[in-house]
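The chain is numbered in sequence order, starting from 1. Computed from a prediction, not measured in an experiment: that's the story for all the values here.
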Amino acid sequence: MNIIQSIFLGIVQGITEFLPVSSSGHLAIIQNLLGINTDGGLLFDILLHLGTLVAVCLVFHKDLARMLVETIAMIGDLIGNLQVRIHNHKEQDARRYKKIIHNNYRKFVLMVLISTIPTGIIGVAASELVELANTTLITPGICLILTAMLLLIADVVENGRKVPKDISYSNAFFIGIAQGLSILPGLSRSGTTIAACLISGFDRRFAVRYSFIMSIPAVLGAVILEIHKAAGANLALGQIGIYLVGAVFAGLTGYFCIRKMLVIVRKKKFKGFAVYCLIAGIVAITGYFVLR
């Protein structure tokens, strides 16, 4: 793979990771149609995802900083409650325990953790299936059509008002399942999870924040699981440099697309993306049968 191809795929990743059109589906289709060989492709995919992960962290840095502070505080409160339990048991006392989840950010943290559980289980269980699906055009084609249907549903669903204090943990688990299923190429992660959030009655602005922030542990987990495989790839230093350039372009493009997505969800403008996904899915399925 040359540097132009790396930049091109990086831009595609940055755009399609955050706009609801499926990054994995587009990369699979482009690589199959254009015959782009990424050599140590797994490492390239990891670096692209890390690039877009940086974009998420930059856009939502204030939320993430507050969540980190509250996570540390929750750990401190848990330790304090353990000490109270030990004291009460030992001294036959009745000291009160601190309430652990008492604000929106603490609930936010716990929701993300709960969503990550089904995502992780599905990701590990279906990893071989996903690798196989990426080698053909039929799977991303079908999944892009499913994405189009989800986006149309997201456009017509009534505006919700739920923020963390109003959201059940079962909602968080359901959205985690949606994120896990979106590892299939062509099934947009952002489109699927935002649609799941809106169906669950989330406030539209919070739905976008939740969708992107919950992707952080999922992406990090996938990177940790796959990086040992990529470590075995015998790549020249120049090729790694080409991969890094692609990752930088993925991050830069992704940063601006996240900003755009905040406006799209707020104004209910999914129909154009739904039509695009439908057409892309039909093209991919047609290509599968033509190129057989």
Side-chain angles (χ1 to χ4, degrees), residues 9-27 44-71 104-105 107-120 123 147 154 163-164 172 175-176 178-183 187-198 202-227 243-266 273:
L9 291 177
I11 292 172
V12 170
Q13 168 73 15
I15 293 172
T16 56
E17 177 71 15
F18 300 116
L19 297 182
V21 292
S22 177
S23 61
S24 58
H26 277 73
L27 291 174
F44 183 60
D45 289 345
I46 288 170
L47 290 174
L48 288 185
H49 279 94
L50 286 176
T52 50
L53 188 65
V54 171
V56 174
C57 293
L58 288 174
V59 173
F60 298 106
H61 67 278
K62 291 182 180 178
D63 286 313
L64 292 171
R66 178 68 186 276
M67 290 172 75
L68 178 60
V69 169
E70 294 296 345
T71 299
N104 273 330
Y105 274 101
K107 182 78 174 288
F108 197 170
V109 170
L110 193 54
M111 286 168 55
V112 169
L113 291 175
I114 290 170
S115 292
T116 300
I117 294 170
T119 296
T147 295
V163 291
I175 294 162
Q179 180 170 250
L181 294 174
S182 68
I183 63 172
L187 198 57
S188 166
R189 195 209 65 81
S190 62
T192 301
T193 54
I194 290 173
C197 287
L198 296 177
F202 284 29
D203 170 82
R204 285 185 169 267
R205 285 173 295 183
F206 180 67
V208 179
R209 287 164 61 204
Y210 190 71
S211 172
F212 290 141
I213 289 175
M214 73 181 283
S215 74
I216 295 174
V219 172
L220 286 176
V223 167
I224 291 168
L225 283 174
E226 300 294 345
I227 201 164
Y243 287 2
L244 288 172
V245 170
V248 170
F249 274 84
L252 289 172
T253 310
Y255 178 86
F256 293 105
C257 287
I258 295 173
R259 296 286 188 188
K260 181 67 175 175
M261 194 64 181
L262 292 166
V263 176
I264 290 167
V265 175
R266 190 170 68 248
F273 293 102

What pairs of donor and acceptor atoms, side-chain ones from residues 47-58 against any protein atom, are under 3.5 angstrom apart with sequence neighbours left out?
from: His49; atom 1: ND1; to: Asp45; atom 2: O; distance (Å): 2.9
from: Thr52; atom 1: OG1; to: Leu48; atom 2: O; distance (Å): 3.4
from: Thr52; atom 1: OG1; to: His49; atom 2: O; distance (Å): 2.9

Open item on the list: Which residues pass the side chain to side chain donor-acceptor pair (under 3.5 Å) test with Asp63, not counting sequence neighbours?
Closed with: Tyr105, Arg209
- [ ] With rounding to the nearest 0.5 Å, note down the distance linking CD1 in Ile15 to NZ in Lys260.
- [x] 12.5 Å
Task: Minimum heavy-atom distance Ala172-Ile114, with the two atoms named - done: CB-CG2, 4.1 Å
Task: Heavy-atom closest pair, residues Cys197 and Ala207 - done: CB-CB, 3.7 Å
Task: Distance-only donor-acceptor check, side chains Thr193 and Gln179, under 3.5 Å - done: no
- [ ] Identify the two heavy atoms, one from Ile183 and one from Gly123, that lie closest to each other, and give their separation to 0.1 Å.
- [x] CD1-CA, 3.9 Å
Open item on the list: If I take atom NE2 from residue His61 and atom CG from residue Leu68, how far apart are they, to the nearest 0.5 angstrom?
Closed with: 13.5 Å
Open item on the list: Using the side chain to side chain donor-acceptor pair (under 3.5 Å) criterion, which residues pair with Thr147? Sequence neighbours excluded.
Closed with: none
TODO: Please identify each residue that fulfils salt bridge (Lys or Arg N to Asp or Glu O under 4.0 Å) with Arg66, with sequence neighbours left out.
DONE: Glu70
TODO: Looking only at non-hydrogen atoms, find the nearest pair between Thr119 and Gly180 and report the distance.
DONE: OG1-N, 3.8 Å
- [ ] Determine the interplanar angle of the Phe108 and Phe206 rings, folded into 0 to 90°, and report it as parallel if under 30°, tilted if 30 to 60°, perpendicular if over 60°.
- [x] perpendicular
TODO: Nearest 0.5 Å please: distance from the OG atom of Ser115 over to the CD1 atom of Ile213.
DONE: 12.0 Å
Open item on the list: In the structure I gave you, are the side-chain heavy atoms of Phe60 and Ile216 within less than 4.5 Å of one another anywhere?
Closed with: no
Task: Nearest atoms (heavy-atom pairs only) where Met261 meets Val208 - done: O-CG2, 4.3 Å
- [ ] Heavy atoms only: give me the nearest Pro217-Met214 pair and the separation to one decimal.
- [x] CD-O, 3.5 Å
TODO: Answer yes or no: is there a side-chain heavy-atom contact under 4.5 Å between Ile194 and Val265?
DONE: yes
Task: Whether Thr116 side chain and Val112 backbone form a donor-acceptor pair below 3.5 Å - done: yes
Task: Nearest-0.5 Å distance, SG of residue Cys257 to CG of residue Leu262 - done: 11.5 Å
Task: Under 3.5 Å donor-acceptor, Tyr210 side chain and Met111 backbone - done: yes
Task: Within residues 245-258 or reaching into it, pairs that qualify as side chain to side chain donor-acceptor pair (under 3.5 Å) - sequence neighbours excluded - done: Tyr255-Arg259
Task: Pairing residues for Arg204 by the salt bridge (Lys or Arg N to Asp or Glu O under 4.0 Å) criterion, not counting sequence neighbours - done: none
